[in-house]
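All figures in this text were calculated on a predicted structure; none of them were measured in a lab. Numbers restart at 1 for each chain; the letters A, B, ... are given by sequence-line order, proteins then strands.
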Amino acid sequence: MPTLTAETMSAPQFVEVALAEADGTFHYHLPSTWAAAPLTPGTRLLVPFGRGWRLAYYVRRVDRPEVPETKPVLALLDGDVSIPSSLFQLLHWISDYYSAPLGRVIKGAFPQGSQAVVRRRFHLTEAAESAGGEKKTALQERVIAALKEGGGLTEPQLRKRTGGEKLAGSLSTLKKKGWITEAWEVDRPAVRKKFRRLVFLKSDPAEAVSLISSLQKRAPQQASVLQILLTAGGAMPVGAFEAPLRASLKRLLDKGLIDQAEEEAPRTPMRPSGFPLQPSILLNPDQQGAVEQIVSAVEGKTFTPFLLHGVTGSGKTEVYLRVIEKALAQKRGAIVLVPEIALTAQLVARFQSRFGEAVALFHSGLSPGERYDEWRRIREGKAQIAIGVRSAIFAPFESVGVIIVDEEHDSSYKQDDGVRYHARDTALVRGKQSDAVVVLGSATPSFESFYNSETGKYRLLPLPGRIDARPLPAVAVVDLRKKEDWVRPFLTRPLLSAMEKRLENREQTLLFLNRRGFSPSLLCPDCGYLPHCIRCSVSLTFHKKLQKLVCHYCGFQLAPPTACSQCQGIRLVHLGIGTEQVEEEIRQRFPAARVARMDRDTTQKKESHHKILTAMAQREIDILIGTQMITKGHDFPDVTLVGVLCADLSLHFPDFRSSERTFQLLAQVAGRAGRGDRPGEVIIQTFQPNHESIVAATTHDYLGFYAQEIAFRKEMGYPPFCRFTLLLFSHSEEKRVVDRAAALVKEIEKVLPPPKKGEAERGVTLLGPAPAPLMRLRGEYRYQILLKGKDQKKIASVLKEGLNSWKRMERKGVRLEVNVDPQNFV
DNA sequence: AGCACGCCGACT
DNA sequence: GTCGGCGTGCTC
Ligand SMILES: [Zn+2]
Ligand SMILES: [Zn+2]
């Protein structure tokens with residue numbers, strides 16, 4: 001490997017790069033011929049690393065490397081995509097704030113699969129042929145056999161052919177013995193531009209016409225091909241010609257009468273169809289006021305955060321559309337973030353009917369190719385609006401004018417593994433970095449956001465009225481403690497009679513239960529035993545259709561036992577209820593009704609989700625039962641009754657936000673009732689009819705609920721009055737986890753800032769270690785510690801020191817994950 | 001991620 | 001004694 005030092009050559013160029021596979025950054029020198037290479041941050045490079053090659057991301061130039069000897073960058077691996085510099089700034093912030101390796105953050109900002117693949121290929125050596133007699137393990141034998149048969153193979157290819165999960169060991173042994181060699185290679189990305197062949201006329205239309213008539217007799221098919229081409233405007237993709245004409249096409253090409261070329265054929269996500277065009281509606285005064293304020297901020301091109309607080313049906317979307325128009329007029333991009341389950345065809349149709357091709361779409365249903373093409377449409381300036389889920393915050397605009405975060409309170413904006421960023425908070429930072437306007441919209445804003453609007457950090461824009469002044473639905477509470485009202489499990493007299501009325505009137509009912517499956521556990525009443533997951537500390541959910549007990553955390557499945565495994569009792573009973581059981585009960589109760597269920601189990605297939613929604617819209621369903629999924633994003637004008645079967649479920653989460661979440665959920669569900677011209681009714685069943693979340697939901701009183709809860713948060717010193725960072729330790733041996741967590745706590749305690757003068761509490765306090773609410777997951781024990789403080793900067797510095805200690809400490813294989821601003825404490 | 005190195009208990 | 005698995009640190 002040619003290396004050089006600062007002394008051996010004149011003015012070498014040094015660069016800092018980040019890798020997705022190794023934390024930190026590394027320094028290399030550029031080949032001297034590249035000195036003027038225009039590198040932009042995020043540019044992908046091939047570098048030597050250890051004994052192999054890696055893909056690396058260019059970060060910046062450095063005057064002087066940190067290490068005495070640097071290796072040279074080998075090649076530029078940039079394909080058709082690059083990251084705009086304004087976005088790179090944001091990636092830096094994410095890496096820093098969420099304490100995630102920069103390389104991994106950068107990797108996540110590129111469309112998946114669009115990167116060149118750097119890997120090694122193994123070959124058999126001569127020595128291996130002559131070393132037949134030496135002893136080898138079975139896996140090693142299989143590797144050799146596979147290589148003998150298949151020539152050079154990559155690791156995934158070998159894995160497939162040998163069935164070996166743990167190949168690494170065998171490969172390195174074989175390599176050491178000199179029986180196999182490896183060669184590094186760079187392969188083209190799996191996701192690439194798609195091309196199609198285009199044929200076109202070489203002559204102008206007049207000449208073509210005379211050509212056609214001259215061919216008419218001798219070669220009528222060729223003439224008709226030319227005619228088709230002429231009619232199509234002179235050019236057409238080969239694929240658009242019917243098969244019988246292809247031969248004539250080829251003859252024309254051979255004769256040189258027409259020509260062909262390759263053209264990119266962009267893959268576009270399915271466009272929703274069948275929705276009525278919504279004309280630009282007249283704004284009510286509140287909407288008008290909101291639009292004016294936001295638009296003037298957009299014109300000012302300064303970072304301005306707004307909180308648009310409007311109940312469901314208050315016309316937030318129309319406000320968004322107007323604001324986006326303004327940003328586009330300024331030649332700046334717009335990003336619209338929407339929670340996954342709210343990103344419906346209905347919403348997309350609305351944006352596309354207004355903005356057409358300018359809309360690029362990002363959601364989990366796209367193929368990698370579609371995602372890549374949509375990404376490039378934005379990068380190349382062909383699309384100005386990115387609408388999508390969490391990761392759409394990385395839309396590669398050079399310049400963003402407005403970022404909208406719809407349903408900003410939704411917890412799906414927080415990524416819960418890997419780089420644990422919060423898209424709403426990231427949106428605010430991107431807005432600040434780009435001098436853009438950020439609009440957070442919600443009917444039930446997160447307390448953090450509403451608090452920020454009270455302190456003046458955000459500008460509050462209330463939309464108090466519903467369009468057409470439709471009243472909010474009447475909400476009734478049914479006390480589940482009154483067992484005399486129970487007709488069937490979780491189906492009470494008041495709810496059933498309200499449903500009967502809807503069936504008579506040919507109106508629709510939504511039943512909401514936040515729990516899928518048939519029953520959340522089986523119980524042996526003789527000994528109290530509940531079947532648990534073998535790898536997680538949760539009971540197994542019974543799925544009737546599947547005839548399996550399923551772990552909702554790790555997917556473990558078990559055939560349902562016929563007898564108790566502890567006492568052999570055979571009277572196993574279902575404890576609690578899930579949507580599957582509700583569906584069964586409802587079908588029995590209302591045999592004539594058309595019943596459907598929408599939850600993760602019934603929407604596995606790609607189009608099933610859409611099918612249910614369409615059936616619902618066309619009134620082919622009388623009663624729809626579902627989980628969270630039914631609560632967002634669709635207008636069902638004929639739903640006049642919403643039943644919440646058990647409102648308590650979300651109250652039991654081990655989380656200081658559980659009251660807030662429950663209220664938000666209930667408000668959201670209630671918003672599904674009465675969106676047409678008929679008034680809606682909501683029935684909430686609960687064991688805690690006096691709980692503040694439920695009381696507030698019955699009166700649609702966000703402000704009252706907020707006032708009460710925020711006082712409680714203040715008293716307890718919970719967010720928004722403090723910040724949290726959660727550290728999660730995990731390992732299959734419980735005592736190691738406990739021990740290592742305690743050891744780190746000891747280290748962290750040394751660096752906690754002292755209390756301010758006159759205050760009892762330190763600037764950052766540490767809670768734990770304590771078992772995580774889900775103490776075991778996939779066979780690993782989990783303990784956590786929580787850092788708490790008013791000043792995020794202080795928490796961050798404690799965290800940094802803590803992580804430094806962790807790096808130096810004995811870790812005994814225990815994993816540590818950092819979760820800044822955790823939303824999910826399980 | 002992949003590799004080398006050092007440590008420690010097991011075993012020819 | 002030395003083999004092998006585990007844990008740790010390093011890769012520019
Ligand atoms: Zn039993
Ligand atoms: Zn499990």
Next item on the list: Go through the structure and list residues passing side chain to side chain contact (heavy atoms under 4.5 Å, CB included) with A/P368, not counting sequence neighbours.
Entry: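 Once residues adjacent in sequence are excluded, the partners of A/P368 under the side chain to side chain contact (heavy atoms under 4.5 Å, CB included) criterion are A/V191.
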
Item checked: By side chain to side chain contact (heavy atoms under 4.5 Å, CB included) - contacts of A/V751 (at least two apart) ->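 With neighbours one apart ignored, the set is A/V798, A/E801.
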
Notebook entry, point to check: For A/H422, which residues count as a side chain to side chain donor-acceptor pair (under 3.5 Å) partner, sequence neighbours excluded?
Noted result: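 Once residues adjacent in sequence are excluded, A/H422 has no partner under the side chain to side chain donor-acceptor pair (under 3.5 Å) criterion.
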
Margin query: Would you say A/K176 places a side-chain N or O within less than 4.0 Å of OP1 or OP2 belonging to B/dC3?
Written below: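 It does not, given that no N or O in the side chain of A/K176 lies less than 4.0 Å from OP1 or OP2 of B/dC3.
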
Notebook entry, point to check: Can a side chain N or O of A/R120 be found less than 4.0 Å away from OP1 or OP2 on B/dC3?
Noted result: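 Yes.
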
Checklist line | Lys NZ or Arg CZ of A/R60 over A/F88 ring: under 6.0 Å, within 45° | finding: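 No cation-pi geometry.
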
Atom-pair distance ([atom1] on [X]; [atom2] on [N]), nearest Å:
X      : N     : atom1 : atom2 : value
A/L55  : B/dG2 : CG    : C1'   : 16 Å
A/W53  : B/dC3 : CH2   : C1'   : 19 Å
A/L167 : B/dA1 : CG    : P     : 16 Å
A/E182 : B/dA1 : CD    : P     : 17 Å

Sorted by first residue and then second, give each salt bridge (charged side-chain N to carboxylate O under 4.0 Å, His left out) pair with at least one member in [range]; sequence neighbours left out.
range                       : value
residues 768-785 of chain A : A/E780-A/R815
residues 736-748 of chain A : A/E733-A/R736, A/E747-A/K750
residues 144-157 of chain A : A/R120-A/E155, A/E155-A/R159

Margin query: One character per nucleotide, please: for nucleotides 5-12 of chain C, 5' to 3', B when the base has a protein heavy atom closer than 4.0 Å, S when only the sugar-phosphate does, - otherwise.
Written below: --SSS-BB

Is there any protein nitrogen or oxygen under 3.5 Å from a nitrogen or oxygen in nucleotides 10-12 of chain B, and what are the pairs?
none

Margin query: Which residues pass the salt bridge (Lys or Arg N to Asp or Glu O under 4.0 Å) test with A/D187, not counting sequence neighbours?
Written below: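 A/D187 satisfies salt bridge (Lys or Arg N to Asp or Glu O under 4.0 Å) with A/R119 once adjacent residues are dropped.
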
Notebook entry, point to check: Base, sugar-phosphate, or nothing: which does A/R54 touch, judged by heavy atoms less than 4.0 Å apart?
Noted result: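 The answer is base, as A/R54 lies within the cut-off (heavy atoms under 4.0 Å) of a base atom.
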
Margin query: Any base atoms under 4.0 Å from A/R119, or only sugar-phosphate, or nothing? Heavy atoms, all strands.
Written below: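 No contact.
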
Next item on the list: Please say which of A/R64, A/K71, A/E16, A/E69 ends up in a side chain to side chain donor-acceptor pair (under 3.5 Å) with A/H27.
Entry: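 Among the candidates, only A/E16 passes.
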
